[in-house]
Amino acid sequence: MDGSQPLDPRKTIFVGGVPRPLRAVELAMIMDRLYGGVCYAGIDTDPELKYPKGAGRVAFSNQQSYIAAISARFVQLQHGEIDKRVEVKPYVLDDQLCDECQGARCSGKFAPFFCANVTCLQYYCEYCWAAIHSRAGREFHKPLVKEGGDRPRHISFRWN
């Protein structure tokens, strides 16, 4: 929607259950009307079939709109004949270092946990998750987990 804004993957949401007839521009307009600040929307498609998978991503230009969207958890998409409740959650990135220790406490492995609670919104290794989330008020936070968090950060490569 706003090509002048840089895309920030940490202000991007995953939208699950998107009706297949809905186009990316329509998803962008709906989310912008609800939360403002939409700079990008995309619909995930099957690479072989070129058919929508029923999921999408929306990137926001500001933290306030992003937090409003993930706080809602569910959104009613209404456009023309379409009227469907869809799930909204933070888009969890691959290959992120722990935001707390930058990999120092976990031998440079990628952080397997993302805390979607608006008081956190950070990636954590197992050590830092346990340390941060044992504090009062955070013990009930639930991590979002993306597979591949235990892969090493540096991969040595040898020519044969």
Taking side chain as C-beta onward, heavy atoms only, is [X] less than 4.5 Å from [Y]?
X: Leu22; Y: Lys84; answer: no
X: Lys109; Y: Cys125; answer: no
X: Arg57; Y: Asp44; answer: yes
X: Lys50; Y: Thr45; answer: no
X: Gln122; Y: Ile132; answer: no
X: Phe60; Y: Ile13; answer: yes
X: Val58; Y: Leu27; answer: yes
X: Ser61; Y: Lys11; answer: no

| query | Residues two or more places apart in sequence or in another chain: which of them pass salt bridge (Lys or Arg N to Asp or Glu O under 4.0 Å) with Glu26? | reply |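 In terms of salt bridge (Lys or Arg N to Asp or Glu O under 4.0 Å), with neighbours along the sequence ignored, Glu26 is linked to Arg23.
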| field | Residues that Arg20 engages under salt bridge (Lys or Arg N to Asp or Glu O under 4.0 Å), provided they are two or more places apart | value |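 For Arg20 there are no salt bridge (Lys or Arg N to Asp or Glu O under 4.0 Å) partners, ignoring immediate neighbours.
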| message | Could you list the cluster mates of Leu49? Members are the ILVMFWY residues connected by side-chain heavy atoms closer than 4.5 Å, either directly or through other members. | response |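 Cluster partners of Leu49: Tyr51.
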Kindly give the heavy-atom pair with the smallest separation between [X] and [Y], and that separation in Å.
X: Asn117; Y: Thr119; result: OD1-OG1, 2.7 Å
X: Gly56; Y: Val18; result: N-CG2, 3.9 Å
X: Gly108; Y: Leu97; result: O-CD2, 3.9 Å
X: Leu7; Y: Cys39; result: CD2-SG, 3.8 Å
X: Asp32; Y: Gly37; result: OD1-N, 3.1 Å
X: Leu144; Y: Pro90; result: CD1-CD, 4.0 Å

| side-chain hydrogen bond (donor to acceptor under 3.5 Å, both in side chains) with Ser65: which residues, sequence neighbours excluded? |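 Ser65 satisfies side-chain hydrogen bond (donor to acceptor under 3.5 Å, both in side chains) with Asn62 only.
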| said: My understanding is that only residues two or more places apart in sequence, or in another chain, count here; which of them pass side-chain hydrogen bond (donor to acceptor under 3.5 Å, both in side chains) with Glu87? | reply: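 So Glu87 forms no side-chain hydrogen bond (donor to acceptor under 3.5 Å, both in side chains) with any residue.
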| message | Within a 6.0 Å radius of atom CD on Gln64, are there more than 12 heavy atoms belonging to other residues, nucleotides or ligands? | response |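 No.
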As an exercise, state the distance from [atom1] of [X] to [atom2] of [Y], rounded to the nearest 0.5 Å.
X: Ser134; Y: Trp129; atom1: OG; atom2: CH2; value: 11.5 Å
X: Leu121; Y: Asp99; atom1: CG; atom2: CG; value: 10.0 Å
X: Ile70; Y: Lys89; atom1: CD1; atom2: NZ; value: 12.5 Å

| message | I'd like to know if the side chain of Ser107 and the backbone of Gly103 have a donor-acceptor N/O pair within less than 3.5 Å. | response |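 The answer is no, because no donor-acceptor pair under 3.5 Å joins these two groups.
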| request: Report yes or no: does Glu139 contribute a side-chain atom to a donor-acceptor pair with the main-chain N or O of Gly137 at less than 3.5 Å? | output: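 The answer is yes, because a donor-acceptor pair under 3.5 Å joins these two groups.
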| Which residues pass the side-chain contact (heavy atoms from CB on, under 4.5 Å) test with Cys120, sequence neighbours left out? |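 Cys115, Tyr124, His133, Arg138, His141.
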| query | Does Val38 share a hydrophobic cluster with Phe74, counting links as ILVMFWY side-chain heavy atoms below 4.5 Å and allowing steps through other members? | reply |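 No, no single cluster joins them.
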| message | Check for me, please, whether Tyr127 and Val145 land in the same ILVMFWY cluster - side-chain distances under 4.5 Å, paths through other members count. | response |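 Looking at the clustering, Val145 is in a separate group from Tyr127.
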| message | Would Tyr123 and Arg10 count as a side chain to side chain contact (heavy atoms under 4.5 Å, CB included) here? Give the steps. | response | CA-CA 10 Å; Tyr123 291 86; Arg10 289 192 175 220; 3.3 Å; yes
| query | Should Tyr35 and Val75 be marked as a side chain to side chain contact (heavy atoms under 4.5 Å, CB included) after you check the CA-CA gap, both sets of side-chain angles, and the distance that decides it? | reply | CA-CA 11 Å; Tyr35 306 112; Val75 171; 3.1 Å; yes
